[in-house]
Structure formats: C-alpha cells, structure tokens
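What follows is a set of notes on a single structure, which appears directly below.
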Amino acid sequence: MAQAKLTAADLEEYLAPLDLKVSTNLNHTARQSYRAAAAVLAAITDPGSLKPFAGDGSVNQSADPAQVLGADLVPNPAKKSLGGSLMLSFDIRREALRKLGTRERMLQALDANPQERVGSVQQKLEQYIRGEALPLEQQRGDELEESLQAILWLEGLGLPGVPAAEEARRTLARAQLLRPFERIAGDHFRGRVSELDRLRTFVGVLPPHLTLTKLRSAAAFLLGIAMKPVMSLYGPGGIGKTALVMRFCLEHLRLPEEQRVPFAYLDFDSPFLNINDLSTVATEMVRQLTIQFPGFNTPQIPSDPEGVANALSEVLGQLSVRAQQPYLIVLDTFEEVQYGGESRASLLWVMLTNLQRSWPFLRVLVSGRAPVQYFSLGGSKSEEFELGGLDDEAAKAIVMSAGISSPDVAAALVKQVGRVPLSLRLAASVVQKEGQESGKVRNLQTSEYLFFKISDEVIQGQLYGRILEHIHTKEVARLAHPGLVLRCITPDVILKVLKGPCQLSVTSLEEATALYQELAKETALVAEENGQILRHRQDLRRTMLDLLLEKNPAQANEINHLAIDYYAAQTAPEAKAEEIYHRLMIGAPPWQSIIGSFESLLRSPLVRASLSRSLSELPVSAQILLASYGYDVDPDVLKRATKTEREAHIEARVAELLRHGPSGVPAADKEIKTASYRGSNSRLYLAESRVLLMQNRFAEAITLVDEGLALASSCHHTSRIVDLLAMKCWLLEKSARWPDLSEPLRYLEDYSSRLQRPLPLIQVWAQRFRLARIQTDPVAENAAAVQLAPLLIAQPIEQLASIAAMLSVVFERLGAIDPEVANRAIELGRFAPGGLAPIEQMLAKWPYLPYLPIVQEYA
Amino acid sequence: MLTREERETVRAELEDVLLRTAAGLQKQFIENTFGNDARGFLSEVDQGPATARDYSTAIVRVCLRDRWNRRPESWMEILLQALIDRGKAGLAPLRDRVRQEIDPNLDPLRSSWITADQPFFGRAATRKLVKQLLDTPDKPILLVQGDGKSGKTYTGDWLDYLSGEERCGFVIIVEHLEKGSGPTMTADVLAESIVDKLGRPIPAVPVPPEKPHRWEKSLCNWIIAQALSKKQKVWIVLDGFDDPDLDRRTATLIQELAGALMSGEANRHVRLILIDFRSPLAQVNNVRLLPDKIPDPKEVQSCDMKDCLSQHLSNIGVDAEESFVEALAAKLIADAEQLAEDPLYCNEPRMKRLNTVVYNFRQKELARVGRI
C-alpha cells in the first residue's frame, strides 16, 4: 500500500526526532581578543599562529584561531599589496579598533603578532597609529593609495594625525589625474615651444613663452571672454599630439588654485567615454572639475541629452563665478569618433555650441588624425592647427621612449633618419636588434648622389627590411612578409590562410599557435589585442603595405583570395569587415556572396570603424565606392570620382547626419550646399528635401521635389520617381494638405506596383488609412486596412522597421483585429532592441524620413 | 540539450557514419560539416591518431558545450542535420527539439541547491537570466543588484557551483572585493588574480605604457586572451567592485572588460557578472545588459522557500502535500527570526540567518536518512 502523503498536521511529529537548534557554541571572549589582534594587521599570512590581544596581559590562546574568528576573517583580494591571504572584515575591524580606542592599546596589540607586520600597507597603518605619517600632500601616488586604505580603517577613532578619508580621497584623485600627464608630458617633455605658445594664445591665459606672441596674447586675454571657434589640432599618429595637449594641461594643473584654468581632458580612447551617450562625457568633465576645484558643487548628470546640457550649464554657471578664467575642453584621440563617422558627434557639437552662447569663455580643442569637419563654434569654422614634424627635442624623446637610453645615440639617430616618428621608432628598433655604429644604424642609405636626400618611405623600407632580417626563424619572417597583407593574424588564420602562400610547414593548430606566439614577440611589427589576434601596427602598415604588394604581388593576391574564402564562411561582423576589406583590396565582386546585405554591413558601426582605419590602404576605386556610403575619404580621392559618385557621397553623408536628429541638420544643410551639379537622376533632390523637411520648410521641400520629379520623369528614371513621390506624399501630409494627397498617392501606387517596391506601397495604404480617418470615412479606412494587412505580414521585419513610425497607428488598429499583424508588431518590437518605445521616442523628436534605416542606430 | 541516453545515441550514430566513411576522409567529413569552426572540434582529438569513437565523443562534447550559442543554428542542430542527411532519419525529432531550444534535462538552474547544499530562495528571475547568459551571446553582461544584505554575493557562490562540468560546464572566476578594500585593489592585482584563477601561467603582467588607458587595455587583452585559451566558456564574476574608493585604473580595467565583451570571440566565449555594480558601463548599450534586481531580503517569505524545500523532500524520498511544505517553510522562517536574538547571529543579515536555518535542517535530514 502506498504511503500517504505528509500533510501540515504531520509536521510536529516529523520534526520531533530532529534537533533543529543551530549550534551557537562559541567563546565570545576569545573571539574579541583575536579580533583586537587582527584589527591592527593589514592582512594575516598564518591565522594558525595568530596571538590574541586581551589588553589585560592574559593570553587566552586557542588551538584554532581561524575557527574562533570564523566569518570575521575574509579572503584578502589584494595579497600583493597587503601581504597575507586573509584579513579581518571591514566592519569587524572598525568595531575592534574602536574598542581598542587609544594609540597605546593599538601599539600593544601590534606587539602581539610581530611576524604578521609585513608589507607597505601595514607600514602605513602603523605610521598612522603612531602619528608619524607624512602629510598627504608630501606623499607619492602609490603611497596615497596605501594611506587611504589605512585611513578608511582608522578614520573617526580619535587618533591624532589621521586625516579625514575625504581629504585623502581628494589628494589621491588629484594625484591620479596628474599621473598620466606627468608620465607623458612631465619634466622630460622637450620642444614644441611655438606650438605651446599657439595653444596658450588660443586659450588666452598663461604668459606665452615667446616674446613675439606676447602682444597678440595680451589682446587675446583682454578679449578672452569673447566666443572663439573650436581649434582642430591634427596630425598623423605618433607625431605627439597627445603629449602636446597634455603638456599644456599640465602647466595649468601645476598652478595655484586661484590661477588654474579649469579644463576637461577627454580622451576618446578611454572606456569611460561614449560619444553616443553624452552623459558619459559630462560625468567625466564634472569628475575632473571636482578634482581641480575641491568643493565644487557637483550636479547630478541625467542620461538624456537635454538634462546633460542643463547640468553642464549649471557647472559653467558655477565656474563663471569661481574661476574668472576660460574653461578648456580637450577632446583627444578624436579619430576614434571619426572612424565611426563624425556625425555621431553632432549632439555633442550642438550642446557645446549652445553652452558657448551662454558662457562665451568656453574653449574647445579637438585633437585627432584629421581636422574636424562639421563643428563650428562661435559662428566660425574651426581653426585648423596641423601638427607638423617634430623638433629635435621631441624627436629624441620618441627614440628614447622606444627603448634607446643614451641621449647621444638618440641625437645621432634623429640626425640620420630625420624627424618622422615612424622612421625614428623603426631605427630605434633596428639599433636595439643589431647595435649601433657611432650612434647610428649601420649601412643605412639616407642620401643618393652625395646630397640628394632620399624619401622617408625608402628609409622606412630599408629599416623594415632590416627588422625582418633579424627575425631568427625563417617561417616567422615569412609570416610577417608577405603574411601581413592581412590586417590581423590568428593561429587559425595561419593554418587556414597563410600556410600555403607563406610556405609554412604547420600541420596543426598547436603548431600554428606556436608560430603565432613567435610572431607576437616582434612588437615593432605587430600588436596583440583582445585575445589571440595580432594586428599589423597601423602606422607601419600604411607605408609597408605598398612594399609588400610591390615585392610579392602574386602571393599577396593569393592571400587576399584565401582570406576572402576564409572570412566568407563566418558570420561575425568582425569577420565580415575583414572579408570586405580583402574584397575591396582586389576589387572582387560579387557582393551577393556576403551573408547579409552588403549595404547594411557597410553602414554598421563596427564594419565602418574597421574599414575607416584602413581607408588609405585601399585602391582609389574602393575608396570612392566607400565614399558613396558616406565614408570620410581624402578630398583628393573624391576629386577623382564621377559626378554621380560624388552625389552619392553627399547623399550618404546627409542621410547619416539626419539620422542623428535635429542636431545633424546644420551640418547636413552645409553638406548639401557643396553639390554643384544635379542631373536628371540626381539623388540630391531627395536628400535636400529631407533637410528641408527637418526644418519644417514643407513648401520649399515640395517645390524642390516637384523640380526633381519633372527632371526624373522627363528621362523615365522610374525608381527615382518613386522615391520622390513617396517624399512628396509625406510632405503633403506633414503640411496637412490632405485634399492634395489623393493624386500623388495614386501615382505612387501605380509606380511602386509596377516596380514591385513593397515599402512605398505600404506607405500608400498607410497614408490612405490616415486620410480616411481624418475624413471620417470608415469604409475607406477599412478598405485601406484590408490592403495593408497582407503587405505587412509578407514584408521582412527589418524593412518594416525603417518605416515603423508610419505604421504605429496602423498596427494599433489592425493589430486588434488581425493576430498575424499583431505578431508583426511584436516582432518589430523585438527587432528594435528595447522594443518600439525607443523608436517612437526618437521619432517624436523629429519628423519621419522615408526609408532611412533608423533602427540600426540602436542595434 | 540532450539526455544522457540521447547523447549516447547521437554519439553512436556519428561513430557509425564515420566508420562508414572511407579511411582518411573522417576529418574531411567534420570539416565539411562544421566549416571553419571545425578546428574547435578537431583540436579536441588532434593530439594523436584518432579513432571514429574518439572523433564522435569529442564532437558531441563540443556541440553540447556550446549549447545554443551559435546562431542561427546551434552546432548540435548542424550535427544532427548532417547525420540525418547521411541516412539517420530517426534523429529528426531530436533535431526539431534542439531547433526549438528545448532542454530535456532537469534544469540545473532550478534544482541546483540540493546538491550544492545551499538554499537559493526565490530568484526565479535570476535563474531565467542566468539561463539566457548561458545560452546566448547577445547579452554577455549580467548586473545583479539588490538592497543591502539581500544575498547578492551568494549569487556568486551559486554560479560557482553551477559551473561544474556535470551541470553547466563553464569556468567561473569569482573576485570578491571586501568592503573598504578598494584602494589596494589595483588593476594589475585584479588581472593577475583572474588569470591565476583561470589556471594560466603568469609569465609577465603587461607593464604600463606611455598613453593613458593603454595599460588597462593591455591588461584587458591579456585576461581575454587567457580566457579564450580555455576550452569552456569563462564567466568572470566581480563582486563589490563598485566601491567608490576603488583604484581608478581598476575601474578602467572593468570598463575595458565590459567593452571587450561586446564583439569578437570574447563576445561568444566570455561572460561578465557584476554584482552590486551601479556605475554606468559607458561602452555597453543598456540593451546589451541583463539587469537582475534581487528582492529585499525582508520580503523573503515562506512561499519563496517552498520550491527549495519541495526539492529537498523529493531528493530524500519524502512524499508531502503542499500544506506540509508550507507549514515546514513557516516553521523554518520562524526559527530564523528567533535566531536574531542569539548574540552570535544578531548582527548577521536576515538572509544569512535564513540560509543558516535551512542549511542546518538539510544537514540534519541527510543525517537522519543516512546520507551523511
């Protein structure tokens, strides 16, 4: 017979044989004395030999102190700095120290366990207990970290000489802010005298170094309160932009507080900054200000752009009272933003422009590899400042930072190879590998026919060749040359792509990994990143790729083809970027073979940033192709494009700028005005009408669209006609010209049916649906709904996403009666991460622009 | 993904297909089936001459380990399809179930506490999120937040338990920063500790280079490289690292780590769980996060404990009505409240007292049935 199930009535009987009392058998007195002993020790290496401290001379030694302390002991996460592997938990330690109460008793407790008093944090703790610690401002950065740790334990216990934790935090934060400035641009910084002067004049504060500029600067200072345009400092990687701006900031950091120019140094290489989220930028600005001006009243930084702007306005308001100095914002490593498209900064530009209108003392310095394009501050175009070749001192500093310790050798190398950073670094690497001769690289040809200097590229080519010669393993040398036709190398790539063309004998992944690790040691050529990926050094690649392609064209071609096959089989966006790169290198269609859409891949932020870094490596035709997707190519390259290609470029740029909402409109307006030609099939009518639509200039937009329609119709460019008709219909609706809508909708329906373009057809029925509602015509409304339902169900979700705004009312109505349509709405919500709400929120801020792929901004 | 029996069936069918493949072409079959990623499979058996059995065992193991991380088709689905194409039509229902992402096994996320000997009350949402973290790469970061003393740290212990090969099969690194220890937890100390716990050698910690952030970047790369060298997925749990006194460079390293998981191989292979971390992650869009809010410990009631106790009773073979479980839960909650008057436990958080009482009950029960 099956046993009956237990019920609530059986509980007492069930539990009767069990003694559920939790054991609490512990010696409380012993525990207190062990706590007292452990409280004055930063960490404990051997808890078994710990001696208790009772304070009354008694020693109540336990056989197992760790058991007595139990959960009071916690693992020490920082063994390296604290010594032992265990420590007293923070609250218990504070309580035990409070009970010890006086310096004398703490010192006595220390004497109980001399064997555990090791490590720098322990020393610092003892210094504070004894009252012998140096004042905070006299301590070094790493000492300050230890001091803060000791102070956190001792603060508020009444020990004389223990500063407040807040004071220690402030001092430490200032030291941490100063640390990279001192390291990069400290007292070892040399040269760049005139460049620093130019920056000083721009900001208008510290007396300039050169007498000649003093007068100009005095005038600048008097006028200092006036608005100034942005200064765009640019130059190639490694030329010393960061060192220059850091030196400039450091000069101000070192001044007494009343003379300090407040600044924010924002490095877009920092993981704390995200150009798509202005709150990250504002948070960092405020953090730095609080360090520079202790006691600064920090506002809360909200996450929405408007709130961020208000918070920063409050900050500048406070500064205007406090500092009476300009406020400098430095945006460094700006190329990180530019690689993904400068338009991403448009919200930041708008915010800074508005701030400067209220607070004219705002100064903005942007530093990157290319000048800023769209940013105008104070109503003027940016002041461009190209950072040219190094002076002797700066050049020597580069050589020395590359590992040459002798100043004489550094000076000789500068004299021998010139002042180009890449040449200097390569020369330093060669000297380290093969030694020097009178401070120079042996047998390096730097001039032809006695006095004609040969080009930097040729010098770099020789130096590069020498580095390759010094690779001891032939296979690794072949991996580097021609293997570095690839931008990145992994063990798998060695096995699957490079094995043949580089004549490698590897047969397994393990052997490939070993070879990979050998190549990783050649730090002059490659850098390891994010796991097992070696990347060809960017500055070196630009110069060396031509050499590679010239010397081994067949092998390079084979590598490109194999790389395409290799990456084509993968789906990750990083792999797609590599596939596209190699296709562009050899001009290898068909693009259809790329999984997913080529166009959307080119627009994806990851692929764009990846290709933008290598743009100048690609053939001109490829660069022009990318320009038509809005990529920033060299103006000289663009000059070689056809008119149609240039139009495509402008259209793509406008579309990209408009995707960022109203903040992109001024730049888009400027961009569209650069077009000088419009043919019958021009894309620019549509682009410009979008700009006008964003400015609510509907009538002008309609006139423009009509002009475009007339031209396109005369030449039967039907696809263009559909685009323009769709825009016209939307413009008519936006300007509430409902009676004028029927006819263009009929044309749009006719053309889009003939061309089998479903999206415009959906637009037709969605607009008819709304028109019927306005006109309170339920029959027409139903008719439109009946037409729409199958279209919505059949359409791929990612395409529907581009017209999501137009559909929300439709979904609301149709979703209630047709479950399949309701499902589509749900899917659409899923497709757009975060659901439809962010899209709708975004669209509420500016008008819908037909067929701009808005959703990818969120992906 | 598959039951133990199904796993053996698939392995045997694969072995059969391989045996019927001409000698020397077995590797080719694997390469054809799994494309470029075949290396992951082959590296498991490429140490020496491999038999069809070696290959089949390794392939099934790798497919199971990857679960549903590969999109759009999982490796298991690809394998099953390849076997069906080779005449193993009986595997079609299995393929269909795998395609629907249905796991027939007892959900380790739900039942784990029994064998872990540690109760894990409520937290239904946490279990769901952890499952998502396990199966998909689109949201690689889990933020576990809750009120003070709500047992957030305990989540780390639970994950540690889950990582066992027999359960979820991932490597977990738990770094707990004790309150008030922020200043001495430097970036290199954290990086070394993670790499050490990964069981990787520490030849040289990257040294600080010239530019700011680059050191933290290289430390991050180092950690990721070491994590990628593990065959299993790696979960890094950072507990208590939102300390306002945390060394700035350590904070930078955490931001770098979070950003690094947004793409590339790390996105597929590494997960980051941040316990009680409220600072924004600048490189991570909100939609790439799995936020988990742990309920207030004061709100844990007998109903939250019922699931846990039912599993215990079932585990020791006791058949009980719901009313019994409810009464038992109420009794244990009352015992925990009483414990608050004990000098040893009066300063302990409520969640810890609840855990202590339930753990004590479980131990006594196991002793009663002769398990310990």
Side-chain angles (χ1 to χ4, degrees), chain A residues 3 5-8 10-11 15 17-20 22 24 26 28 74-75 77-78 80-82 87 89-91 121 145-146 148-149 152-153 169 176 180 183-184 242 267 269-274 277 279-280 401 492 495-496 508-509 528-532 566 569-570 572-574 606 833-834, chain B residues 35-36 39 42-43 46 175-181 183-186 189 192-193 210-213 216 221 224-225 228-229 245 247-248 252 255-256 259-260 263-266 280 282-283 286-287 318-321 323-324 326-328 331 335 339 342-345 356-357 360-361 364-365 368:
Chain A
Q3 204 177 348
K5 281 186 174 183
L6 294 172
T7 68
D10 303 317
L11 184 67
L15 293 179
L18 296 177
D19 173 17
L20 287 184
V22 174
T24 59
L26 206 78
H28 292 292
V74 292
K80 203 166 150 186
S81 37
L82 267 68
M87 62 196 283
S89 77
F90 183 77
D91 291 334
V121 178
E145 283 162 3
E146 291 157 2
L148 177 59
Q149 183 63 79
L152 287 173
W153 291 330
R169 284 188 187 108
Q176 285 175 336
R183 192 184 308 136
I184 293 170
T242 296
D267 182 349
D269 200 23
S270 159
F272 287 100
L273 296 182
N274 181 348
D277 180 357
S279 70
T280 62
S401 71
D492 200 41
L495 197 61
K496 303 274 173 56
S508 71
L509 196 68
E528 190 165 31
E529 71 173 46
N530 227 354
Q532 285 191 319
Y566 175 77
Q570 299 176 33
E574 305 86 20
L606 193 145
Chain B
N36 277 323
R39 80 169 169 98
L42 292 169
S43 68
D46 261 0
E175 293 291 342
H176 174 73
L177 181 64
E178 168 64 13
K179 179 184 169 188
S181 304
T184 40
M185 175 50 89
T186 53
V189 166
E192 263 193 70
S193 178
E210 282 274 300
K211 275 197 94 179
H213 323 303
E216 295 85 342
N221 290 344
I224 298 282
L228 291 181
S229 66
D245 292 319
D247 182 271
R248 174 76 177 166
T252 309
Q255 295 279 344
E256 289 284 3
S263 59
E265 197 54 32
Q283 302 300 316
N286 270 340
V287 298
V318 172
D319 212 2
E321 296 266 3
S323 67
F324 178 85
E326 271 169 19
L328 176 60
K331 154 84 174 124
D335 285 356
L339 206 56
D342 185 289
L344 190 66
Y345 288 94
T356 304
V357 167
N360 180 52
F361 167 70
K364 300 270 166 71
E365 285 268 87
R368 185 171 65 80

Inset, instruction - State which residues pass salt bridge (charged side-chain N to carboxylate O under 4.0 Å, His left out) with A:R169; sequence neighbours excluded, sorted by chain then number. - result: A:E166, B:D245

Inset, instruction - Could you give me the CA-CA distance, side-chain angles and deciding distance for B:F361 and B:L328, then say whether side-chain contact (heavy atoms from CB on, under 4.5 Å) is met? - result: CA-CA 10 Å; B:F361 167 70; B:L328 176 60; 3.7 Å; yes

Inset, instruction - Would you mind checking which part of A:L152 comes under 4.5 Å of any heavy atom in chain B, side chain (CB onward), backbone (N, CA, C, O), both or neither? - result: side chain

Legend entry - Heavy-atom pairs under 4.5 Å with chain B, option from A:L148, A:L11, A:N274 with the top count: A:L11

Legend entry - Segment of B:T186 engaging chain A (4.5 angstrom heavy-atom cut-off): side chain

Legend entry - Polar side-chain atom of B:Q283 near backbone of A:P271 as donor-acceptor pair, under 3.5 Å: yes

Legend entry - A:V74 side chain reached by A:M87 side chain, heavy atoms, under 4.5 Å: yes

Legend entry - chain A contact via B:E326 - which portion, at a heavy-atom distance below 4.5 Å: neither

Legend entry - From CG (B:D319) to CZ (B:F324), nearest 0.5 Å: 11.0 Å

Inset, instruction - Name the region of A:Q176, side chain, backbone, both or neither, that has any atom closer than 4.5 Å to a heavy atom of chain B. - result: side chain

Legend entry - chain A interface, residue from B:R248, B:E365, B:K331 that has the most non-hydrogen pairs under 4.5 Å: B:R248

Inset, instruction - Evaluate the side-chain proximity of A:S270 to B:T252: yes if any heavy-atom separation is below 4.5 Å, no if none is. - result: no

Inset, instruction - Please round to the nearest 0.5 Å and tell me the distance separating atom CD of B:E256 and atom CG of B:N221. - result: 8.0 Å

Legend entry - Per-residue contact mode, B:S193 against chain A (heavy atom under 4.5 angstrom): neither

Legend entry - Top contributor to chain B contacts, counting heavy-atom pairs under 4.5 Å, from A:P75, A:S279, A:S89, A:P17: A:S89

Legend entry - Structural part of A:E145 lying under 4.5 Å from a heavy atom of chain B: both

